[in-house]
Amino acid sequence: MFNLVLFGPPGSGKGTQSDHLVARYGLKHLSTGNLLRKEIADQTPLGLEAKRYIDAGQLVPDAVVIGMVGAYFDQNPDAAGFLFDGFPRTVAQAEALDELLSQRQTSIARVLALEVTEEELVKRLLNRGKTSGRTDDTDESVIRKRFSVYTQETSPVADYYQNKGKFQSIPGEGTVEGISEALCQAIDAVR
Ligand code: AMP
């Protein structure tokens, strides 16, 4: 298996870039944000619980997210590999992911982090909010809250992978195609 993490703050382009990468490398796209929004749309108990956190710009509790990822693995036993998008977002999630992967005799090959300035991120998110129907993208105070959560809880995940020699930054501003090309070069170098 070949597993990648696409890392970066909200609005850095993880979702956009994922579509191309999963098609090119034959990976399964695992976006915890998408899985949570599906639970909300289906009005499951998990979705109802998650919605409170998402609307407030906070992280959904680790146990909920880790359980969901474990279930997704079980549902996709034949996957050639996974592209993780928006997960892991805490060090506890990163440790749980390592454990889940090692149970399947595999691991993370590389963590690619999209670097974008905060000013550009706010602009992109407010723009996305006009069409995405995502309530967490329309309110600038919720967007700012998500950035502060990112700095406090998610940035340490970068150090976690840096210490394992798996972390690589990629400039996340420019054309979609240019950024995609940079990601592919980084992937091809370790594949
Ligand atoms: P995203 O679509 O990745 O931006 O996620 C939207 C929202 O879902 C986040 O602001 C969190 O509230 C929640 N969420 C998504 N992924 C995770 C995760 N790995 N851990 C905790 N909360 C998450």
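Whatever order the structure lists them in is the order used to number ligands and atoms, beginning at 1. Throughout, numbering of the chain's residues begins at 1 and tracks the sequence.
- Of the protein's non-hydrogen atoms, Leu36 CD1, 3.5 Å is the one closest to atom 14 (N) of ligand 1.
- The part of Val65 lying near ligand 1 is the side chain, judged by heavy-atom distances below 4.0 Å.
- Side chain to side chain, Tyr53 and Asp136 fail the donor-acceptor criterion of an N or O pair below 3.5 Å.
- Atom-to-atom distance recorded for Gln58:CD and Arg52:CZ is 9.5 Å, nearest 0.5 angstrom.
- A salt bridge links Asp74 and Arg104; the closest N-O separation between the charged side-chain nitrogens and carboxylate oxygens is under 4.0 Å.
- Ion pairing between a basic and an acidic side chain is recognised when a charged N comes within 4.0 Å of a carboxylate O; Asp55 and Lys145 show no such pairing.
- Cation-pi contact between Lys164 and Phe167: absent, since separation from the ring centre below 6.0 Å together with deviation from the ring axis within 45° is not met.
- Protein heavy atom in closest approach to atom 16 (N) of ligand 1: Thr32 OG1, 2.8 Å.
- Of all atoms in ligand 1, numbered sequentially from 1 with element shown, those under 4.0 Å from a heavy atom of Arg134 are 1 (P), 2 (O), 4 (O), 6 (C).
- Of all atoms in ligand 1, numbered sequentially from 1 with element shown, those under 4.0 Å from a heavy atom of Gln93 are 18 (C), 19 (N), 20 (N), 21 (C).
- Considering Arg146, Arg52, Lys14, Arg89 only, the shortest heavy-atom separation from atom 5 (O) of ligand 1 involves Arg89.
- A salt bridge between Glu140 and Arg144 is present, with a side-chain N of the basic residue lying under 4.0 Å from a carboxylate O of the acidic one.
- Nearest residue to atom 21 (C) of ligand 1 from Leu97, Ile40, Val60, Asp55 is Val60 (criterion: closest heavy atom).
- No side-chain donor from either of Asp42 and Thr44 sits under 3.5 Å from a side-chain acceptor of the other.
- The nearest heavy-atom contact from the protein to atom 11 (C) of ligand 1 is Gln58 O, 3.6 Å.
- Atom numbering of ligand 1 starts at 1 in the shown order; those under 4.0 Å from a heavy atom of Gly86 are 16 (N), 17 (C), 18 (C), 19 (N).
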